[in-house]
Amino acid sequence: MAKRSKNPLIRVAQSARAVYENRVILMALIRRNTAGRYKSTFVGFGWHLLMPVLMIIVLYIVFGSIRTKPIESYWIYLSSGMFPIMFISSSLRGRAIQSNARYITKMHFPREIVVLASVITDFLSVVFAYVVIIMTILLSGQYVDWIGMAMIPVQLLLMLMFCYGCSLLISTVTVFVKDVGYIMSVAMRLVFYLTPTFFLVDEAGGILETIVWYNPFTYFVEVFHQTLYYGTTPDMHMFGICVILTVVFFFLGESVFNRYQDRLPEVL
C-alpha cells in the first residue's frame with residue numbers, strides 16, 4: 001500500500017483515488033451488506049423501502065398519541081428528522097472495522113473501504129426514506145419551497161461526509177479501546193431522544209434547551225425540518241454550522257484513521 005502524505009488534503013485525494021481503483025471491492029462489500037441485512041426474506045431488497053415507511057407509521061401512532069399539544073402534519077416533522085439521527089447513530093456505533101476484521105487481516109486493499117461501505121449501506125436507506133417522504137409531501141399538496149428542495153442533495157452529501165468521518169474516528173478508536181463501542185451504543189440511545197426529532201426545538205426549555213443547542217446532531221436534523229416541514233430554505237447560519245461540523249469531523253476521522261491504520265491487522 002502506497003505511503004500516505006502528511007498533508008491531509010493530499011491524503012484525502014490519495015484515499016479517493018485508492019478507493020476508486022478498488023471500487024469493485026467497495027461495490028462487493030455494499031452488495032454483501034445490503035443483501036445480508038434481509039437475507040432469506042421474501043421481500044429482500046424491498047425492505048430498504050418498506051422499513052422506513054413502517055417506522056414512520058409506528059412512530060407517528062406512538063408519539064402522535066402521547067403528545068399533549070398536537071403538531072400539525074406531525075408525520076412530516078417526525079419522518080424528516082428521524083432518519084438523519086438514525087443514520088448518524090448507526091455511524092457512531094463504531095462497528096465497521098471490527099465487523100470486517102477478516103478482510104482487513106487477510107486481504108490487501110485500502111482499509112477505509114470497509115468503513116465507507118458500511119456508511120453507504122446505511123445511507124441508501126436514508127435516501128430511499130427521503131424519496132418516500134418527498135413523494136408523499138408532493139402528493140398530499142403540502143407547500144414546497146423548491147430552493148430548499150434543491151438543497152436536499154447537498155444536505156445529504158454533507159451528512160454522508162460527516163458520518164463517514166465520525167465512523168472512521170469511532171471505528172478506529174474502538175479497535176484499540178473496546179469500551180468505546182459500548183459507551184457510544186448507550187450514548188447514541190440517549191442522543192436519539194435528546195435531539196429535536198419527536199419534539200419541536202422551540203419546546204425545549206431549561207437544561208434540555210442547552211443540551212439541544214450543544215448537540216451537533218441538532219443542526220443536521222433541523223435543516224431537514226426547515227426544508228420539509230416548514231417549507232423554507234434552510235437557515236444559512238444553521239447550514240454553515242453543518243458545513244463546519246462536516247469539515248472538522250471528516251478530517252479528524254481521516255487523521256486518526258491514517259495514524260493507526262497500519263496497526264489495525266495486528267490488533268484485530
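Just so we're clear, the structure is a prediction, and the values are computed from it rather than from any experiment. As a basis for the values below, the full set of heavy atoms in this structure was taken, side chains included, without hydrogen atoms, waters or symmetry mates. Along the sequence shown, residues carry numbers from 1.
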Are more than 12 heavy atoms, taken from residues, nucleotides or ligands other than [X], located less than 6.0 Å from that residue's [atom1] atom?
X	atom1	value
Met236	CE	yes
Leu9	CG	yes
Phe176	CZ	yes
Ile147	CD1	no
Glu72	CD	no

On a heavy-atom basis, which atom in [X] and which in [Y] lie closest, and how many Å separate them?
X	Y	result
Val126	Phe87	CG2-CB, 3.6 Å
Thr246	Leu158	OG1-O, 3.3 Å
Pro196	Val221	O-CG1, 3.6 Å
Arg111	Gln261	NH1-O, 3.4 Å
Leu92	Met184	O-CB, 3.2 Å
Tyr229	Ser73	CE1-O, 3.3 Å

Are side-chain N/O atoms of Asp145 and Thr232 paired as donor and acceptor at under 3.5 Å?
no

To the nearest 0.5 Å, what is the distance between [atom1] ([X]) and [atom2] ([Y])?
X	Y	atom1	atom2	answer
Leu156	Phe83	CG	CZ	12.5 Å
Gln226	Phe239	CD	CZ	11.0 Å
Ile152	Phe224	CD1	CZ	6.5 Å
Ile113	Asn22	CD1	CG	4.5 Å
Thr172	Glu112	OG1	CD	10.0 Å
Arg23	Met27	CZ	CE	10.5 Å

Show your working on side-chain contact (heavy atoms from CB on, under 4.5 Å) between Thr136 and Trp75 and close with a plain yes or no.
CA-CA 11 Å; Thr136 307; Trp75 73 269; 3.4 Å; yes

Taking the six-membered ring for Trp, are Phe217 and Phe192 ring centroids under 6.0 Å apart?
no

Quick one, [X] and [Y] - any side-chain contact, counting heavy atoms below 4.5 Å?
X	Y	answer
Leu26	Val19	yes
Met151	Thr227	no
Val243	Tyr219	no
Ile88	Thr195	no
Leu228	Met149	yes
Glu21	Pro110	no
Arg95	Ser185	yes
Phe220	Ile85	no

Those residues at least two apart in sequence (or on a different chain) that pass ring-ring contact (aromatic ring centres under 6.0 Å, His included) with Tyr103 are none

If you group Ile, Leu, Val, Met, Phe, Trp and Tyr by side-chain heavy-atom gaps below 4.5 Å, do [X] and [Y] land in one group?
X	Y	value
Met188	Tyr182	no
Val267	Val114	yes
Tyr193	Val58	yes
Leu168	Ile10	no
Leu252	Tyr214	no

Return the orientation label for the Phe250 and Tyr164 ring planes: parallel under 30°, perpendicular over 60°, tilted otherwise.
tilted

Is the ring pair Tyr230/Tyr77 parallel, tilted or perpendicular, if the boundaries are 30 and 60 degrees?
perpendicular

Could you walk me through whether Val180 and Ile170 pass side-chain contact (heavy atoms from CB on, under 4.5 Å), step by step?
CA-CA 8 Å; Val180 171; Ile170 302 301; 4.3 Å; yes

Pair Met159, Val223 - check side-chain contact (heavy atoms from CB on, under 4.5 Å), show working.
CA-CA 11 Å; Met159 190 167 60; Val223 291; over 6 Å; no

In chain order, what residues pass the side-chain contact (heavy atoms from CB on, under 4.5 Å) check against Ser255, with sequence neighbours excluded?
Arg11

Report the C-alpha separation of Ile241 and Met238 in whole Å, then their side-chain angles, then the decisive distance to 0.1 Å, and conclude whether the side-chain contact (heavy atoms from CB on, under 4.5 Å) test is met.
CA-CA 5 Å; Ile241 292 177; Met238 201 164 291; 5.7 Å; no

Looking at Ala96, is its backbone amide N or carbonyl O close enough to the side chain of Asn100 to form a donor-acceptor pair, meaning the two atoms are under 3.5 Å apart?
yes

Check for me whether Arg17 meets the cation-pi criterion with Tyr20, that is, NZ or CZ under 6.0 Å from the six-membered ring centre and within 45 degrees of the ring axis.
no

